[in-house]
2 protein chains.
Amino acid sequence: MEQLFSSAGFEDVGGGPLYLQLQRRIGEAIAAGRLKPGDSLPPERDMAAMTGLSRVTVRKAVEGLVGSGQLVQKRGSGTFVAQRVERLEQALSLLTSFTEDMARRGKNVESVWLTRGLHAPAPEEVMALGLGAGDRVARLERVRRSDGVPLAIERASLSAAVLPEPEGVEASLYAVLEARGMRPVRAVQRISAANLGARDAELLHVPPGAAGLRIERIGYLPDGRVVEFTRSLYRGDAYDFAVELKLAPDTERKDP
Amino acid sequence: MEQLFSSAGFEDVGGGPLYLQLQRRIGEAIAAGRLKPGDSLPPERDMAAMTGLSRVTVRKAVEGLVGSGQLVQKRGSGTFVAQRVERLEQALSLLTSFTEDMARRGKNVESVWLTRGLHAPAPEEVMALGLGAGDRVARLERVRRSDGVPLAIERASLSAAVLPEPEGVEASLYAVLEARGMRPVRAVQRISAANLGARDAELLHVPPGAAGLRIERIGYLPDGRVVEFTRSLYRGDAYDFAVELKLAPDTERKDP
DNA sequence: CAGTGGTCTAGACCACAGT
DNA sequence: CTGTGGTCTAGACCACTGA
């Protein structure tokens with residue numbers, strides 16, 4: 001630790017800005033395992049004194065590593081090396097619910113409800129669900145966790161006609177829909193990446209600006225009616241979506 | 001402009017940190033269209049004087065908006081409202097090449113080559129491509145652009161046996177493979193989100209830390225041999241991937 | 001050349017955590 | 001209470017842009 005923050009080696013020329021030099025040092029120490037997950041770094045003021053840099057410069061170095069998820073800062077407590085998050089892989093060809101998906105791989109699921117009730121629909125919801133004037137919308141908003149680690153924020157909207165009592169949904173929305181004979185059999189998803197805002201980042205326990213997978217899904221019944229409109233945000237560092245592609249729809253038939 | 005940066009309305013209580021209050025003001029001005037793409041903001045020193053804040057605080061406010069892609073800073077020149085990037089949608093069920101995909105929607109494609117040649121394989125490439133000792137690998141690394149806007153970084157690796165002369169690839173890799181009878185008919189992709197590093201961000205003309213879609217693809221021949229191993233980074237603000245999901249592989253057959 | 005953003009400093013006060 | 005990170009200031013020098 002003493003050598004990591006020694007004042008030696010900080011050249012004002014050649015190595016680029018001082019905060020990047022320090023950032024590189026710390027990053028390499030983590031990569032090399034000299035700093036392990038959970039380890040605490042010295043207080044910013046101490047790092048500043050040890051390196052001979054100002055506290056502002058030390059903070060700027062740490063800031064980048066917090067942004068990339070390598071460090072975690074806790075006000076009043078300290079700065080720590082982040083825990084590694086196991087990356088989960090989700091097959092992106094079958095229409096499954098989060099609950100079923102996690103059960104299949106032996107993980108438990110917890111939901112923290114943020115909203116669960118009937119509301120006046122937003123214009124976006126009217127569009128997606130094809131609502132009429134005066135229709136109400138059931139909104140289910142929750143943080144999905146596994147083993148205490150938040151993995152995703154899920155915001156589902158359904159017509160009140162489909163789900164008149166949203167308070168009855170406990171673990172799995174799809175299980176409730178199945179019981180009502182309204183489970184979607186087809187869905188269209190759009191996937192993109194976005195930097196998480198302050199609120200969403202906090203819910204997922206990642207720093208603001210961290211990369212997240214944004215998934216927008218519209219689910220359909222066999223007769224083509226829209227059932228659900230769901231917008232989810234997955235932690236970019238915890239989730240992989242896997243897809244299988246084919247050259248053309250029927251190319252593989254001859255070779256089953 | 002004068003009222004936007006007036007010193008009135010900065011309360012040290014209630015509105016949160018000063019830099020967030022200023023950030024919100026500027027962000028709302030952009031959202032409301034009072035600041036249009038290409039507009040320049042006053043110099044940081046002027047904004048500081050107008051608001052009565054210090055330059056460091058003004059910079060911190062601007063920093064966040066640059067991070068989320070709403071502002072662009074040019075050293076020696078100024079700070080500007082970013083141009084809006086049209087979001088493209090890519091169907092994620094057919095195996096197409098970037099070139100074909102863009103041609104289909106009437107966009108031109110430009111490639112800026114970063115690397116194109118035969119190299120000694122990295123361990124990762126040996127694994128993915130199933131290379132033997134002494135085998136060499138063809139590496140094609142390029143920035144994909146459309147109408148001058150960089151959209152993705154593509155890093156393709158192929159066995160030298162599949163592509164002995166990588167220098168011969170011009171626009172479309174798949175066109176070259178097709179000519180050699182080695183075009184993949186099936187592929188497996190893994191999609192995740194990640195914050196872009198400094199180098200990749202620069203190549204895509206976005207600020208470091210911006211969200212990107214990371215796609216890893218392994219392409220197969222009809223006989224199951226691996227042809228390509230490609231890692232791509234797409235700009236999160238410019239790309240949507242669309243997928244259609246089904247409940248079970250054969251559910252929809254009865255209703256064509 | 002003057003003006004811009006990029007970096008850096010020393011010092012201050014605040015809010016919160018843990019004792 | 002002490003120690004931590006979070007915020008903020010005033011002032012300085014540098015590197016780059018563009019006239």
Side-chain angles (χ1 to χ4, degrees), chain A residues 1 5 7 10-26 38-67 70-82 198 201-202 205 207-209, chain B residues 1 5 7 10-26 38-67 70-82 198 201-202 205 207-209:
Chain A
M1 189 64 83
F5 296 106
S7 62
F10 281 102
E11 313 276 337
D12 210 345
V13 290
L18 299 176
Y19 76 94
L20 284 180
Q21 293 182 38
L22 176 56
Q23 191 175 92
R24 205 177 314 130
R25 273 202 206 182
I26 300 175
D39 284 1
S40 72
L41 267 61
E44 295 174 349
R45 289 162 180 85
D46 291 4
M47 285 193 275
M50 286 188 277
T51 55
L53 305 174
S54 76
R55 185 176 161 217
V56 177
T57 303
V58 169
R59 276 183 65 77
K60 187 147 191 193
V62 168
E63 182 183 275
L65 295 164
V66 170
Q70 300 182 71
L71 293 180
V72 179
Q73 285 186 304
K74 292 182 184 153
R75 167 153 54 187
S77 174
T79 303
F80 307 87
V81 178
E202 192 182 335
H205 292 184
Chain B
M1 190 64 83
F5 296 107
S7 62
F10 283 101
E11 314 275 337
D12 210 346
V13 289
L18 299 176
Y19 75 94
L20 284 180
Q21 293 183 39
L22 176 57
Q23 189 174 93
R24 205 177 313 128
R25 272 204 207 182
I26 300 175
D39 284 1
S40 72
L41 267 64
E44 296 174 348
R45 288 162 181 85
D46 291 4
M47 286 194 275
M50 287 188 278
T51 55
L53 304 174
S54 75
R55 187 177 158 214
V56 176
T57 303
V58 170
R59 276 183 65 76
K60 188 150 191 191
V62 169
E63 182 182 276
L65 295 165
V66 170
Q70 299 182 73
L71 294 179
V72 178
Q73 285 185 305
K74 292 182 184 154
R75 163 150 60 184
S77 172
T79 303
F80 307 87
V81 178
E202 193 182 334
H205 292 184

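The model shown is predicted, which means the values in this text are computed figures rather than measured ones. Just so we're on the same page: letters track the sequence lines, and every chain starts at 1.
- Between A/Ser77 and B/Asp46, the one whose closest nucleotide on DNA chain C sits nearer the 5' end is B/Asp46.
- In the set D/dG5, C/dC8, C/dA17, C/dC8 carries the atom at the smallest distance from any side-chain atom of A/Pro17.
- Closest-nucleotide positions on DNA chain D for B/Gly76 and A/Gly78 were compared, and the one nearer the 5' end corresponds to A/Gly78.
- Partner A/Asp39 forms a side-chain contact (heavy atoms from CB on, under 4.5 Å) with one of A/Thr79, A/Leu71, A/Val81 and no other, that one being A/Val81.
- Between A/Gln23 atom CD and C/dT7 atom C1' there is a gap of 14 Å when expressed in whole angstrom units.
- A/Leu22 has its CG atom 14 Å from the P atom of C/dT7, to the nearest Å.
- None of B/Val62, B/Leu53, B/Thr57 except one satisfies the side-chain contact (heavy atoms from CB on, under 4.5 Å) rule with B/Leu22; the exception is B/Leu53.
- Applying the 4.0 Å criterion to OP1 and OP2 of C/dT7, one finds that A/Tyr19 has a side-chain N or O inside that range.
- Remark: the A/Arg55 side chain and the D/dG6 base include a donor-acceptor N/O pair separated by less than 3.5 Å.
- Between atom CG of residue B/Leu18 and atom CD of residue B/Gln23 there is a gap of 12.5 Å, rounded to the nearest 0.5 Å.
- Regarding contacts with the backbone of D/dT4, every side-chain N or O of A/Thr79 stays at 4.0 angstrom or more from both OP1 and OP2.
- Closest approach to the B/Arg59 side chain among C/dC8, C/dG6, D/dT4 is made by C/dG6 (side chain taken as heavy atoms from C-beta onward).
- Remark: C1' of D/dC8 and CD of A/Glu44 are 14 Å apart, rounded to the nearest angstrom.
- Separating the CG atom of B/Leu71 from the P atom of C/dT4 is a distance of 16 Å, rounded to the nearest angstrom.
- The base of D/dG3 lies outside donor-acceptor range of the side chain of A/Arg75, with no N or O pair under 3.5 Å.
- Checking C/dG6, D/dT4, D/dC8 against the side-chain heavy atoms of B/Leu18 singles out D/dC8 as nearest.
- The residue among B/Pro43 and B/Val56 whose nearest nucleotide of DNA chain C is located toward the 5' end is B/Pro43.
- Contact annotation: B/Arg45 side-chain N/O to C/dT4 OP1/OP2 distance is not under 4.0 Å.
- Both distances falling under 3.5 Å, in either a Watson-Crick or a G-U wobble arrangement, place C/dG18 opposite D/dC1.
- Between B/Gln73 and C/dG6 there is a side-chain polar atom (N or O) within less than 4.0 angstrom of OP1 or OP2.
- Regarding B/Leu20, its CG atom lies at a distance of 15 Å from the C1' atom of C/dA15, rounded to whole Å.
- Atoms CE (B/Met47) and P (C/dG3) sit 17 Å apart, rounded to a whole Å.
- Atoms CD (B/Glu63) and C1' (D/dG6) sit 14 Å apart, rounded to a whole Å.
- Considering B/Thr51, B/Ile26, B/Asp46 in turn, B/Thr51 is the only one that fulfils the side-chain contact (heavy atoms from CB on, under 4.5 Å) rule with B/Val58.
- A close approach under 4.0 Å does occur between a side-chain nitrogen or oxygen of B/Ser54 and OP1 or OP2 of D/dT9.
- When each of A/Arg59, A/Lys60, A/Arg75 is tested with A/Glu44 by the rule salt bridge (Lys or Arg N to Asp or Glu O under 4.0 Å), just one qualifies, namely A/Arg59.
- Between C/dT7 and A/Lys60, a contact under 4.0 Å exists linking OP1 or OP2 to a side-chain N or O.
- For the pair A/Leu53 CG and C/dT9 C1', the computed distance is 10 Å after rounding to whole Å.
- Across every non-hydrogen atom of B/Phe80 and B/Gly38, the tightest pair is CD2-O, 3.9 Å.
- Side-chain nitrogen and oxygen atoms of A/Thr57 include none within less than 4.0 Å of the OP1 or OP2 phosphate oxygen of C/dT7.
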